[in-house]
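Lettering of chains follows the sequences in order, A, B, ..., and the numbering in each one begins at 1. Just so we're clear, the structure is a prediction, and the values are computed from it rather than from any experiment. The analysis underlying the following values was restricted to heavy atoms, covering all of them including side chains, and did not include hydrogens, waters or symmetry mates.
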Amino acid sequence: MTLRQELADLIRQGIVRAQQVGALPKFDVPPVDVTPTKPQFGDYSTNVALQLARVARMAPQRIAEAIQHHLPTNDVLSECSVATPGFINMRLNPIWVARQVAVIEAKGRDWTRSNVGQGQRVQVEFVSANPTGPLHFGGARNAVLGDTLARVLERVGYTVQREYYVNDAGSQMRKFGETLYARYAQALGEDVPVPPDGYMGTYMVEWGKRIAQEHGRRFLQMEREQAIRELTDAGLRIVLDEVQQDLTNLRVRFDNWFSERSLYEDGTFDRVLSLLREKGLVYEREGALWFAATQLGGEKDEVIVRSTGEPGYFASDIAYHYNKFVLRRFDWVIDVWAVDHQGHVPRMKIMMKALGLDPDRLTILLYNLVTLKRHGEEVKLSKRAGDIITLREVLEEVGPDPIRFMLLTRSNEAKIDFDLGLAVEQTQENPVYYVQYAHTRIAGILRKAREEGWTTWADGNLDLLTHPSEQALLKKILDLPDLLVTIADRLEPHHLTYYAQDLATHFHAFYRDCRVLDPDRPDLTKARLRLVAAVKLVLAHLLEDLLGMTAPEIM
RNA sequence: GCCCCCGUAGCUCAGUGGAUAGAGCACCUGGUUGCGGACCAGGAGGUCAGAGGUUCAAAUCCUCUCGGGGGUACCA
């Protein structure tokens with residue numbers, strides 16, 4: 001149980017006991033919400049008494065007092081008080097707080113685990129950029145969001161699969177293959193023009209050359225259609241290899257790369273189509289095959305197969321989600337999409353209904369766009385040339401740490417200006433180094449401790465950690481497991497970076513107030529070394545395991 | 001036109017029913033013969049876009065208005 005869950009349970013028991021002795025009337029006990037509060041009130045508080053006023057037909061203040069009086073004895077709290085108009089405020093027992101250091105020592109990085117997910121199988125599908133070129137920097141936000149979310153969901157007890165959907169079917173792929181064919185032929189001195197709406201990026205020229213070097217004139221000697229097919233596959237391998245490299249460098253990992261084309265090759269699409277046909281949700285008009293979304297409350301019907309005979313993207317979406325829910329049996333699927341795809345959300349929900357699935361099992365997580373800047377000036381993208389600012393360029397310039405941190409400093413729906421200058425500047429405006437510096441500082445203390453001959457401090461007496469700054473630092477740490485629960489619940493990983501800065505601030509304040517290494521007070525020194533080592537462990541866990549960053553020993 | 005998101009301190013943004021609305025930066029004033037000053041403390045700064053409503057309680061929920069962004073294809 002997390003701390004907040006434990007406190008909520010105490011309150012719940014208080015309510016039940018008060019009811020048993022008649023201090024409160026009988027009613028169903030609602031879920032109790034315990035939240036951190038301001039130091040002047042205590043450490044945590046709950047408004048449950050205010051919410052119960054109606055059902056209990058009592059003044060909230062009296063309800064709160066009844067709960068307070070019947071709270072079970074425990075060693076977590078040192079004080080529980082009632083404040084007008086009916087808040088119940090709780091203060092943590094300083095001894096209990098201090099002794100949590102031992103719990104952290106024992107559990108290590110597993111200390112933040114909880115089980116609100118109860119092993120439910122959730123798939124996070126993210127990035128899924130068209131495999132027609134290098135990853136655009138904008139895709140980095142999707143990658144960081146999805147990856148961080150997956151990390152947090154795992155921590156709180158979900159069984160998570162991370163998936164990249166490879167759009168290797170459809171017209172974009174066709175254009176990609178035709179473009180590559182032209183660039184390849186050009187590399188061999190042939191005058192084959194790039195199709196008018198082809199991919200103009202210079203990277204296609206390079207890949208054409210690369211394939212020409214590796215395979216010679218082989219593709220020119222075969223029939224054009226066959227050559228395009230084979231070049232498409234060759235190009236796809238190059239793209240996916242590069243994409244995977246970039247994502248690895250960003251410390252983003254996938255469990256599965258799912259091929260869109262496979263949905264057509266293994267019969268999934270045909271199966272779903274006949275399923276919808278049986279339900280009378282498919283009809284033909286003007287040479288195209290339509291999905292009758294309006295029958296299920298949609299704004300308008302959607303095309304499944306175009307009059308050209310090619311399935312549209314919606315066809316793939318239906319088959320793909322049928323695969324996710326029916327064939328692979330995920331309990332919950334989160335698709336991470338840029339906000340410019342928002343128009344698809346309603347039709348995805350209707351598609352769920354059409355498949356006989358609860359629409360709530362599909363979450364479309366939308367995030368806003370990223371604008372790239374350099375010292376306040378927007379970095380223009382020259383779209384005409386087809387050249388884009390790639391993730392790779394930014395990775396090479398600033399490294400993964402600032403990218404990951406900065407892209408989590410805004411809520412999902414807020415736009416982000418990513419400033420290339422600021423990202424590597426070691427100034428007050430850059431929070432990345434501020435957080436990492438806290439970790440480095442602790443590493444420095446521990447180095448110094450060994451230099452000064454402190455060899456072991458496992459027997460340090462934790463009960464000595466009573467200084468307000470020590471307590472404040474510990475309490476900040478103790479809230480992390482609950483923060484992860486909140487993030488998983490609201491799908492808002494940006495809270496992690498705010499927490500990280502807050503934790504660093506608490507450490508720096510402690511550092512100012514409490515000298516760790518003091519030869520005149522060996523007992524206190526040992527206790528503080530235990531504290532500081534525990535903080536280091538949690539900070540490293542936060543930076544490395546949750547934020548996917550580095551936790552440097554020196555900077 | 002219709003749909004979605006946003007509007008909070010000078011700037012960039014947290015805060016999705018609770019107590020006196022917060023942080024970073026910028027600005028002002030202070031702090032180290034001591035573990036890394038890439039740090040810390042204090043000050044100043046608000047009609048939470050506006051107007052109604054719901055509620056014991058609204059930045060938060062509902063309605064309308066204004067302003068900004070996005071979406072409204074047989075493209076993804």
Legend entry - Whole-Å P distance, rG36(B) and rU16(B): 39 Å
Inset, instruction - Using a heavy-atom cut-off of under 4.0 Å over every strand shown, decide if Gln40(A) touches base, sugar-phosphate, or nothing. - result: base
Inset, instruction - Assess whether one donor atom and one acceptor atom, taken from the side chain of Ser307(A) and the base of rC74(B), lie less than 3.5 Å apart. - result: yes
Inset, instruction - Among rG69(B), rU12(B), rG15(B), find the nucleotide with the atom closest to the side chain of Lys415(A). - result: rG69(B)
Legend entry - His467(A) ring center within less than 6.0 Å of Phe510(A) ring center: no
Inset, instruction - Indicate whether OP1 or OP2 belonging to rG37(B) is found under 4.0 Å from a side-chain N or O atom of Tyr511(A). - result: yes
Inset, instruction - Using a heavy-atom cut-off of under 4.0 Å over every strand shown, decide if Asn167(A) touches base, sugar-phosphate, or nothing. - result: sugar-phosphate
Inset, instruction - Can you tell me the pairing partner of rG46(B) across any strand shown, Watson-Crick or G-U wobble, with both distances under 3.5 angstrom? - result: none
Inset, instruction - Please determine if a side-chain N or O atom of Arg441(A) lies less than 4.0 Å away from the OP1 or OP2 oxygen of rG37(B). - result: yes
Legend entry - Lys349(A): partners by salt bridge (Lys or Arg N to Asp or Glu O under 4.0 Å), with sequence neighbours left out: none
Inset, instruction - Respond yes when some side-chain nitrogen or oxygen of Ser171(A) is under 4.0 Å from OP1 or OP2 of rC75(B), and no when none is. - result: no
Legend entry - Partner residues of Lys415(A) under the salt bridge (Lys or Arg N to Asp or Glu O under 4.0 Å) criterion, sequence neighbours left out: none
Legend entry - Of Asp33(A), Thr35(A), Asp479(A), Thr46(A), the residue whose pairing with Arg4(A) passes side-chain hydrogen bond (donor to acceptor under 3.5 Å, both in side chains): Asp479(A)
Legend entry - P gap between rA44(B) and rU63(B), integer Å: 40 Å
Legend entry - Side chain of Tyr434(A) - closest among rC74(B), rC75(B), rC39(B): rC39(B)
Inset, instruction - Could you check whether Thr440(A) gets within reach of a base, just the sugar-phosphate, or nothing at all, counting any heavy atom under 4.0 Å? - result: base
Legend entry - Side-chain N or O of Tyr367(A) closer than 4.0 Å to phosphate OP1/OP2 of rG70(B): no
Legend entry - Any residue of residues 45-53 of chain A with a heavy atom less than 4.0 Å from an atom of RNA chain B: Ser45(A), Asn47(A), Leu50(A)
Inset, instruction - Determine which nucleotide pairs with rA26(B), using a 3.5 Å limit on both distances of a Watson-Crick or G-U wobble pair. - result: none
Filtered N/O pairs between nucleotides 2-11 of chain B and protein, under 3.5 Å:
residue, atom, partner, partner atom, Å
rC4(B), O2, Gln342(A), OE1, 3.4

Legend entry - Residue Arg306(A), side-chain atoms from C-beta onward, closest of rU12(B), rC75(B), rA38(B): rC75(B)
Inset, instruction - Look up atom CZ in Arg277(A) and atom OH in Tyr283(A), then write down how far apart they are to the nearest 0.5 Å. - result: 13.5 Å
Inset, instruction - Taking the six-membered ring for Trp and the single ring otherwise, decide whether the centroids of Phe418(A) and Phe137(A) are under 6.0 Å apart. - result: yes
Inset, instruction - For rA14(B) and rA73(B), measure between their C1' atoms and round to the nearest Å. - result: 38 Å
Legend entry - Any-strand Watson-Crick or G-U partner of rU72(B), both distances under 3.5 Å: rG1(B)
Legend entry - Interatomic distance at C1', rG24(B) relative to rC61(B), whole Å: 30 Å
Inset, instruction - Please check the phosphate of rG22(B) (OP1 and OP2 only) for any side-chain N or O of Lys38(A) closer than 4.0 Å. - result: yes
Legend entry - Whole-angstrom distance between rU12(B) and rC64(B), as gauged at atom P: 29 Å
Legend entry - For rG67(B), the Watson-Crick or wobble partner whose two distances fall under 3.5 Å: rC6(B)
Inset, instruction - Report the C-alpha distance between Thr550(A) and Asp401(A) in whole Å, list the side-chain angles of each, state the deciding distance to 0.1 Å, and finish with yes or no for side-chain hydrogen bond (donor to acceptor under 3.5 Å, both in side chains). - result: CA-CA 7 Å; Thr550(A) 55; Asp401(A) 286 0; 2.4 Å; yes
Legend entry - Between rG71(B) and rU65(B) - P atom distance, rounded Å: 23 Å
Legend entry - For Asp520(A), salt bridge (Lys or Arg N to Asp or Glu O under 4.0 Å) partners two or more places apart: none
Inset, instruction - Remember a base hit wins even if backbone is also touched, and classify Asn89(A) as base, sugar-phosphate or nothing at under 4.0 Å, heavy atoms. - result: base
Inset, instruction - Have a look at Gln436(A) and say if it touches a base, only the backbone sugar-phosphate, or nothing, with a 4.0 Å heavy-atom cut-off. - result: nothing
Inset, instruction - State whether His495(A) places a side-chain N or O below 4.0 Å from either non-bridging phosphate oxygen (OP1 or OP2) of rG15(B). - result: yes
Legend entry - Rounded distance in Å between the P positions of rC5(B) and rC48(B): 22 Å
Inset, instruction - Tell me whether Phe41(A) is stacked on the nucleobase of rA19(B), counting only the six-membered base ring and applying the 5.5 Å and 30° thresholds. - result: yes
Legend entry - Nucleotide rC35(B), atom C1' - distance to CG of Leu446(A) in whole Å: 10 Å
Legend entry - Spacing between Glu284(A) atom CD and rC74(B) atom P, to the nearest angstrom: 16 Å
Inset, instruction - Name the nucleic acid region contacted by Glu492(A), choosing base, sugar-phosphate or nothing; use a 4.0 angstrom heavy-atom cut-off, strictly under. - result: base
Inset, instruction - Identify the heavy atoms of Val239(A) and Thr132(A) that sit nearest to each other, and give their distance. - result: CG1-N, 4.3 Å
Legend entry - Nucleotide of rG22(B), rG36(B), rC40(B) approaching Thr505(A) most closely (side-chain heavy atoms): rC40(B)
Inset, instruction - Check whether any side-chain N or O of His341(A) sits under 4.0 Å from OP1 or OP2 of rG70(B), and answer yes or no. - result: no
Legend entry - Pi-cation contact, Tyr322(A) with Lys324(A) (under 6.0 Å, within 45°): no
Inset, instruction - Look up atom OH in Tyr437(A) and atom CD1 in Ile442(A), then write down how far apart they are to the nearest 0.5 Å. - result: 11.0 Å
Legend entry - Counter-base of rG36(B), judged by Watson-Crick or G-U geometry with both distances under 3.5 Å: none
Legend entry - Residues Arg528(A) and Glu470(A) bridged, charged N to O under 4.0 Å: yes
Legend entry - Sugar-phosphate, base or nothing in reach of Thr37(A), heavy atoms under 4.0 Å: base
Inset, instruction - Give Ile554(A) one of three labels, base, sugar-phosphate or nothing, depending on what nucleic acid heavy atoms sit under 4.0 Å from its own. - result: base
Legend entry - Tyr437(A)-rG36(B) aromatic stacking (under 5.5 Å, under 30°): no
Legend entry - Basic-acidic side-chain contact under 4.0 Å: Lys38(A), Asp43(A): no
Legend entry - Under 3.5 Å on both distances, the Watson-Crick or G-U partner of rC56(B): rG18(B)
Legend entry - Minimum heavy-atom distance Arg141(A)-Tyr367(A), with the two atoms named: CD-CD1, 3.7 Å
Inset, instruction - Report yes if at least one side-chain N or O of Arg54(A) is closer than 4.0 Å to OP1 or OP2 of rC56(B); otherwise report no. - result: yes
Under-3.5 Å N/O pairs linking protein and nucleotides 27-34 of chain B:
residue, atom, partner, partner atom, Å
rG34(B), O2', Arg515(A), NH1, 3.2
rG34(B), O2', Arg515(A), NH2, 3.4

Legend entry - Inter-nucleotide C1' distance (rA26(B), rG69(B)), Å rounded: 27 Å
Inset, instruction - Looking at every strand, decide which applies to Phe87(A) at a 4.0 Å heavy-atom threshold: base, sugar-phosphate, or nothing. - result: base
Inset, instruction - Answer yes if the ring centres of Tyr320(A) and Phe258(A) are under 6.0 angstrom apart, and no otherwise. - result: yes
